[in-house]
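Reviewing the structure listed below.
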Amino acid sequence: MRWSQLFIPTLKEDPAAAETASHKLLMRAGYIRPLGSGIYSLLPLAQRVRLKVINIIREEMNAIGGQEFVLPALHPTELWEESGRLGTMGDIMFRLKDRKGSDHVLGVTHEEVFTSIARNALNSYRQLPQIWYQFQTKFRDELRPKSGLLRVREFTMKDSYSFDVDSAGLDKSFDLHKAAYERIFARAGLKFVAVEASSGAMGGSASTEFMVLTDAGEDMVVLCNGCDYAANVEKAVAAVDEYAFGNGQSELEKFPTPGLRTVEQLANFADIGAAKNQIKTLVYSADDQLVLVLLRGDHELNTTKLTDYLAAESLRAADDQEIFSAMGAHAGSLGGVGVKTSAGKIKKVFLDNALKGRRNMVTGANHDDFHYKGVDIERDIEATAWGDFRAVKTGDTCIKCGGTLTIEKSLEIGHIFKLGTRYSTTMDASVLVSSGEKVPIVMGSYGIGVERMMAAAVELSHDKKGIIWPQALSPYDVIVNVINGAEEEALAAGEKLYADLSASGIDVLLDDRAERPGFKFADNDLIGVPLRINIGKKLKDGVVELVERSTGANEDVELQNVVQVLKQKVSGG
RNA sequence: CGGGGCGUAGCGCAGCUUGGUAGCGUGUCCGUUUCGGGUGCGGAAGGCCGGAGGUUCAAAUCCUCUCGCCCCGACCA
């Protein structure tokens, strides 16, 4: 296409509302325009990138036997009542009524719709496995849309679903997807890590997230410096470090601690109270039931782990009143010693694994301004269950190799789940197996955010001048810039090159504008096409320049060789 | 939903404290000039000052309400 005829509304200055690099640059370079909070129009350049992303995904999905569907975005509410997710996801769903007053929702994801098809049409194990996918607009009424395309209320998702007879089949479908996702992101030129993740509201047993490491993301991932261990902080586990017990007595003894309310204050009060020798006591309300969570004094609770462990629909910290009425003391003097789950308002007491076998610990006495020392956890505290509830922090020890863990900010671009029979059971999707028995279909669910992938690519690859697209995602393979767009000979050469390149399957953007060179270079750099041919003064010698956007490297190429050189660059790059 | 910030020309902003004819930069249009990193000069068009109500002789400016956008937090695939 000729730039002079294209709609590429570039901006000289950063838009005031934009904060993150991808937001600023996609706006400035004329890719997107906002329509409302978290709602964006994709302009022609963005649509070209979007289609490149979609085509890569489509090829890889087809390669693992995926079959493309298009399902409705508008769903009758009953479908979501049936799966039970109207309650868990209701807040994030856009809801509307039709003219007859029937309730509908806009789909946030499509487990329900695909399952409703599967339950009618899949009846025999002979029909399995199946992998079904689509590219569809998802609507999510986000609490806070932000960062341009990174967190929006309407976006395209590639979602796929696998249907298998048993969990071995699911494992296979899951692994196929994992491999496909790795190829997709690699082909798209995105540097990513696959991490263990929490399944959250999706339900199911296992999940892997595909993350891009960038400060523009909202997730935290834990990475090991010694091995390939990688997990979302929501899920990450660290080894328990060994250290000597406190030197205090082993007899339980109540002692006054006037005004001491925090672990830190207590640690300064006496040697015995060092943070790791204390027990931190937290009260939570899980689905309206009060539970106690005990952690080592220097550890923090990971609420996702607790929610997942309890399979709770809601979890929140108890308020002051609830705490006092259940424990008889205020936060700061709480402890697990003497708490009877059979009698009081506390129904369960969970202990973090890091407390296992600890003696000579200090904890609150459930009496304001008093603590216990000499606490022997196994002896003095009644545990409902032990588990891993603590949040991993930078510097912790890797459970796999003993290396050191670090926490990095990251952006989720894909997520794959083993759903199991969560949906097939509640929605009654089953098949007959060879024995004649009816078994629920074992499902998996797999998503990639298409526009988020675009934005992630920009976050990872840009400079002061603008975007630098990976070759595979760039809206055009190359820009042919006729530097003096007013000069007929140069323009004619540009047109010929444009035709030749196009004929050999290369997407060319011909910058034929009669603007000043500096102006055009700045625009060229901004939109981020990775390769550029400059047709300038050397044209009279039959030579043009090939410029690499990323490095600025500049080489002369004989006009007659350009097609060949570019073909190699485009396919090889 | 809590906290903070912002709505004035296509975009970026000033003006508001102390009410009195709405400005600057950039972009756009016309002319001219220039032609390898956002040219120089001359001219022009373009604003319901987010919306509603109030105070006042007079409101972009003061007061009340409201709508929208951005950031932080809570939350979330």
Side-chain angles (χ1 to χ4, degrees), chain A residues 9-20 23-24 27-30 33-40 85 88-93 107-111 138-148 150-153 155 157-159 197-204 207-211 216-220 232 234 303-304 307 313-317 411-417 419 445-450 452 464-466 481-487 490 511 513-526 532-539 544-545 547 549 552 554:
Chain A
T10 58
L11 265 23
K12 200 165 182 174
E13 290 170 282
D14 282 335
E19 200 79 13
T20 50
H23 190 190
K24 283 183 192 169
M27 288 281 292
R28 272 190 61 201
R33 285 295 181 267
L35 187 62
S37 180
I39 312 176
Y40 285 89
R85 283 211 291 182
T88 50
M89 294 193 104
D91 287 345
I92 210 170
M93 303 187 77
V108 293
T109 171
H110 282 74
E111 279 78 10
K138 310 294 184 191
F139 296 90
R140 297 188 179 181
D141 192 1
E142 291 287 345
L143 253 40
R144 185 153 87 84
K146 57 181 283 199
S147 307
L150 293 182
R151 185 161 213 82
V152 291
R153 298 197 290 175
F155 62 97
M157 178 186 266
K158 184 291 296 180
D159 47 326
S198 163
S199 310
M202 299 293 288
S207 80
T208 298
E209 283 174 328
F210 293 82
M211 312 294 269
E218 307 177 271
D219 285 288
M220 296 292 194
N232 194 304
E234 294 178 344
T303 53
T304 306
T307 308
E313 290 202 356
S314 72
L315 182 78
R316 61 173 175 83
L411 175 68
E412 177 188 349
I413 51 175
H415 200 161
I416 60 180
F417 299 86
L419 295 176
S445 147
Y446 317 87
I448 296 177
V450 173
R452 190 183 270 191
K464 284 186 290 289
K465 296 172 176 175
N481 185 349
V482 180
I483 290 177
N484 187 347
E487 193 182 300
D511 192 348
R513 297 173 298 172
E515 298 287 351
R516 297 187 49 87
F519 178 85
K520 294 175 73 173
F521 290 147
D523 253 3
N524 288 182
D525 289 339
L526 181 59
R532 184 169 83 215
I533 297 289
N534 285 335
I535 298 183
K537 287 171 181 159
K538 294 171 227 165
L539 175 65
V544 295
E545 278 172 359
V547 183
R549 169 66 181 88
N554 192 324

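Below, chain A is the first sequence line, B the second, and so on; all start at residue 1.
How far CG of N484(A) is from NZ of K537(A): 10.0 Å, rounded to the nearest 0.5 Å. Distance CG/L150(A) to CZ/F155(A): 12.0 Å, rounded to 0.5 Å. Expressed to the nearest 0.5 Å, how far CG of D525(A) lies from OG1 of T10(A) amounts to 12.0 Å.
Separation of the C1' atoms belonging to C16(B) and U61(B) is 4 Å when rounded to the nearest angstrom. Rounded to the nearest Å, the gap between the C1' atom of G46(B) and that of C24(B) is 15 Å. Between A9(B) and A77(B), the distance separating the two P atoms is 40 Å to the nearest Å. Going from the C1' atom of U56(B) to that of C63(B) covers 12 Å, rounded to whole Å. Of the C1' atoms belonging to U17(B) and C70(B), the separation is 25 Å, rounded to the nearest Å. Using P as the reference atom, G25(B) and A44(B) are 14 Å apart when rounded to the nearest Å.
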Its contact letters, B for base, S for sugar-phosphate only and - for none at protein heavy atoms under 4.0 Å, make nucleotides 65-70 of chain B read ----SS

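Residues F519(A) and E209(A) both approach RNA chain B. Their nearest nucleotides, taken by heavy-atom distance, put F519(A) toward the 5′ side. Take the nearest nucleotide of RNA chain B for F155(A) and for T10(A): the residue whose nucleotide is more 5' is T10(A).
Looking at heavy atoms from C-beta onward, V152(A) lies out of side-chain contact with E142(A) at the 4.5 angstrom threshold. No side-chain heavy atom of I448(A) sits less than 4.5 Å from a side-chain heavy atom of F210(A).
Within the nucleic acid shown, Y446(A) has no heavy atom closer than 4.0 Å to any nucleic acid atom. Using a 4.0 Å heavy-atom distance criterion, E218(A) is classed as making no nucleic acid contact. D14(A) comes within 4.0 angstrom of the backbone, heavy atoms only, and of no base. Using a 4.0 Å heavy-atom cutoff across all strands shown, R28(A) reaches at least one base atom of the nucleic acid. Counting non-hydrogen atoms under 4.0 angstrom, G536(A) reaches a base of the nucleic acid.
You won't find any donor-acceptor pair under 3.5 Å spanning the side chain of E13(A) and the base of G38(B), going by distance alone. R144(A) contributes no side-chain N or O that forms a donor-acceptor pair with the base of G4(B) under 3.5 Å. The base of G36(B) does not come close enough to the side chain of N484(A) for any donor and acceptor atom to sit less than 3.5 Å apart. Looking at E515(A), its side chain has no donor and acceptor atom pair within 3.5 Å of the base of G37(B).
Here K537(A) reaches the OP1 or OP2 of G36(B): one of its side-chain N or O atoms lies under 4.0 Å away. Phosphate proximity of C35(B) to R516(A): absent, as no side-chain N or O sits under 4.0 Å from OP1 or OP2.
Comparing atom distances between the L11(A) side chain and each of C11(B), C76(B), A77(B) picks out C11(B) as nearest.
Scanning both residues, K158(A) and Y446(A), for their nearest heavy atoms gives NZ-O, 3.3 Å.
The main-chain N or O of E412(A) is found under 3.5 Å from a side-chain atom of R452(A) such that the two form a donor-acceptor pair.
Residues K146(A) and H23(A) have side chains that never bring a donor and an acceptor to within less than 3.5 angstrom of each other.
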